[in-house]
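Labels below follow one simple rule: chain letters A, B, ... track the order of the sequence lines, proteins then strands, and each chain is numbered from 1. Just so it is clear, the structure is predicted and the values come from calculations on it, not from any experiment.
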2 protein chains.
Amino acid sequence: MLTVSVENYLKAILHLQVEGDDLVSTTAIAQKVASTPASTSAMLAKLGERGWLEHQPYHGVRLTKKGHRVAMDILRRHRLWECFLVDHLGFEWDQVHEIAEELEHVGSVELTNRLDAFLGFPKLDPHGDVIPGPNGRFRSVAARTLLTEAPRNLELVVVGVVDGGDAFLRHLGVLGIQLGTRMTVLERLSFDGSLHVKYPEEEEVQLLAPSVGQRLWVDQSSPAPEILFPEEEDLQ
Amino acid sequence: MLTVSVENYLKAILHLQVEGDDLVSTTAIAQKVASTPASTSAMLAKLGERGWLEHQPYHGVRLTKKGHRVAMDILRRHRLWECFLVDHLGFEWDQVHEIAEELEHVGSVELTNRLDAFLGFPKLDPHGDVIPGPNGRFRSVAARTLLTEAPRNLELVVVGVVDGGDAFLRHLGVLGIQLGTRMTVLERLSFDGSLHVKYPEEEEVQLLAPSVGQRLWVDQSSPAPEILFPEEEDLQ
DNA sequence: CTCTTTATTTAGGCATGACTAAATTTTTAT
DNA sequence: ATAAAAATTTAGTCATGCCTAAATAAAGAG
Ligand SMILES: [Mn+2]
Ligand SMILES: [Mn+2]
Ligand SMILES: [Mn+2]
Ligand SMILES: [Mn+2]
């Protein structure tokens with residue numbers, strides 16, 4: 001049986017491994033699970049013995065196939081519960097993380113799969129993060145771009161948030177941005193990468209800090225017009 | 001913060017206190033939480049110090065107001081989740097106890113109250129057990145009688161199960177009994193208290209063991225016909 | 001009322017998972 | 001290449017919560 005503590009470590013390692021796919025450092029893990037490097041070092045030794053990760057002392061860890069699968073299952077439960085909380089219980093997207101952090105540790109496979117079905121097999125959680133399927137792999141989703149790297153003068157939709165802590169999500173609230181918000185990037189300022197963006201209904205142009213632009217996934221607004229007016233696309 | 005273990009002890013004590021309202025014994029608690037009397041004794045001392053119960057060494061414990069409230073909140077979460085599992089995820093009533101045993105430890109009040117609302121503020125869980133409200137008291141329910149003590153020759157509905165472990169619930173399945181099943185008690189055998197019962201559609205009369213009759217809550221079948229044909233009622 | 005049985009507590013250990021402080025290894029800077 | 005800084009592990013504790021075995025108290029039998 002997996003303890004809550006072990007599960008939290010495995011999920012933290014998975015998270016750090018997805019970005020920067022090399023070895024994950026003790027300190028980074030300690031920070032993510034809010035414990036000390038010493039405690040983490042002891043835990044990593046144990047997780048290594050039990051075959052969930054490979055530990056290269058003084059250099060870092062990498063999840064084994066087995067450990068990766070376990071961590072993906074936890075992530076799956078976390079994100080499915082977030083969907084439930086937002087879609088059916090009416091929570092806001094910045095209120096669900098902490099609760100899902102506990103619900104994710106109820107491990108019944110039967111429960112998870114029925115919840116998945118109840119929710120309609122969602123691909124994305126309320127923050128636009130991809131939900132792993134019952135096979136322990138991420139469900140496939142449409143391609144997406146960071147707002148910073150998106151093309152200019154094209155209407156975009158916000159489809160996800162990178163690493164969205166509650167503070168950032170509330171900041172987005174202040175800016176009037178949520179999943180589904182549409183905007184057009186007019187200009188990227190060379191000074192610090194700030195973005196001039198325009199919202200459909202508003203006249204005024206807003207300036208988004210790079211810390212925001214780098215953490216928003218966007219997609220093209222409408223799959224509708226596509227190649228209907230290729231000349232106009234070229235003109236802009 | 002309450003640990004899972006502490007919560008399980010408090011709920012076990014509440015359970016034992018409801019039936020037989022006197023002091024609850026160390027052995028009974030140990031049995032309920034599946035631990036030893038020695039471990040339980042140590043835990044009771046701690047729970048006493050922290051003000052959740054009064055411990056009379058060698059004689060037993062009783063929950064304080066504070067401890068009672070905490071336990072009722074856990075019971076509330078347990079039963080609300082059971083409703084969710086059966087009503088929305090399609091589980092059978094003999095499959096939900098173990099899962100709810102884990103879900104009940106997610107303590108967010110906001111979550112509990114929203115789940116309650118989502119479920120339509122149910123008064124009874126899938127086993128016919130009364131669900132505590134947000135104030136920590138049982139919701140009021142219509143009066144009910146044990147099948148053993150119900151009047152003869154009157155159509156009854158099964159509205160609840162006393163202390164329904166999964167084994168008993170599956171046995172009821174074999175007998176074709178679930179919540180909402182209607183039946184009429186024809187006779188109570190003086191030998192061992194077995195009951196001759198008749199089901200509406202079936203011709204044959206069934207014999208129910210006393211172990212079953214003593215653990216079924218029933219109510220009068222239909223509030224509809226009432227005094228419409230009093231003569232016919234008398235004729236039977 | 002005494003003896004025996006049963007219930008409960010105490011004593012002594014063990015596993016898990018956390019911490020601080022100290023030792024050690026790796027990395028960075030000069 | 002060597003010294004300083006940073007990261008990691010090791011050593012030594014502590015709190016929880018569990019166990020078995022032994023001591024003690026309460027209840028029941030005669
Ligand atoms: Mn968690
Ligand atoms: Mn999320
Ligand atoms: Mn439980
Ligand atoms: Mn129940």
Test side chain to side chain contact (heavy atoms under 4.5 Å, CB included) on Cys83(A) and Ile131(A) and set out the steps.
CA-CA 10 Å; Cys83(A) 288; Ile131(A) 299 174; 3.7 Å; yes
Could you tell me the separation between the CE atom of Met1(A) and the P atom of dG17(C), rounded to a whole number of Å?
11 Å
Before you tell me yes or no, could you show the steps for Val24(A) and Leu53(A) under side chain to side chain contact (heavy atoms under 4.5 Å, CB included), namely the whole-Å CA-CA distance, both residues' side-chain angles and the distance that decides it to 0.1 Å?
CA-CA 11 Å; Val24(A) 178; Leu53(A) 49 80; over 6 Å; no
In residues 30-46 of chain A, what residues come within less than 4.0 Å of DNA chain D, judged by heavy atoms?
Pro37(A), Ala38(A), Ser41(A)
Return the value, rounded to whole Å, for the distance between atom CG of Leu47(A) and atom P of dA18(C).
10 Å
Whole-Å distance between dT10(D) C1' and His55(A) NE2?
13 Å
Which whole-number value in Å describes the distance from Ile29(B) CD1 to dC18(D) P?
13 Å
Nearest heavy atoms of Leu156(B) and Ala150(B), plus distance in Å
CD1-CB, 3.6 Å
Going by the side chain to side chain contact (heavy atoms under 4.5 Å, CB included) test, name the single residue among Asp163(B), Val162(B), Val212(B), Asp94(B) that passes it with Phe168(B).
Val212(B)
Could you tell me how far apart Glu49(A) (CD) and dT9(D) (P) are, to the nearest whole angstrom?
13 Å
What residues 57-64 of chain B contributes to the DNA chain D interface at heavy-atom separation below 4.0 Å is Tyr58(B), His59(B)
Would you say that more than 12 heavy atoms from the other residues, nucleotides or ligands in this model lie under 6.0 Å from the CD of Glu19(A), or not?
yes
Within this structure, what is the CG-to-C1' distance between Asn8(A) and dT16(C), rounded to whole angstrom?
15 Å
OP1 or OP2 of dG17(C) sitting under 4.0 Å from any side-chain N/O of Thr3(A)?
yes
Evaluate whether atom NZ of Lys123(B) has more than 12 neighbouring non-hydrogen atoms of other residues, nucleotides or ligands under 6.0 angstrom away.
no
Scanning both residues in full, the closest heavy-atom pair of Pro37(A) with Thr26(A) reads O-CG2, 3.7 Å
Starting at CD of Gln56(A) and ending at P of dT9(D), how long is that distance when rounded to a whole Å?
11 Å
Given the options Arg79(B), Lys11(B), Arg77(B), Glu101(B) meets salt bridge (Lys or Arg N to Asp or Glu O under 4.0 Å) only with Lys11(B)
In this structure, are over 12 heavy atoms from other groups packed under 6.0 Å from Glu7(B) atom CD?
yes
Rounded to the nearest Å, what distance is computed from the CG atom of residue Leu23(B) to the P atom of nucleotide dA27(D)?
11 Å
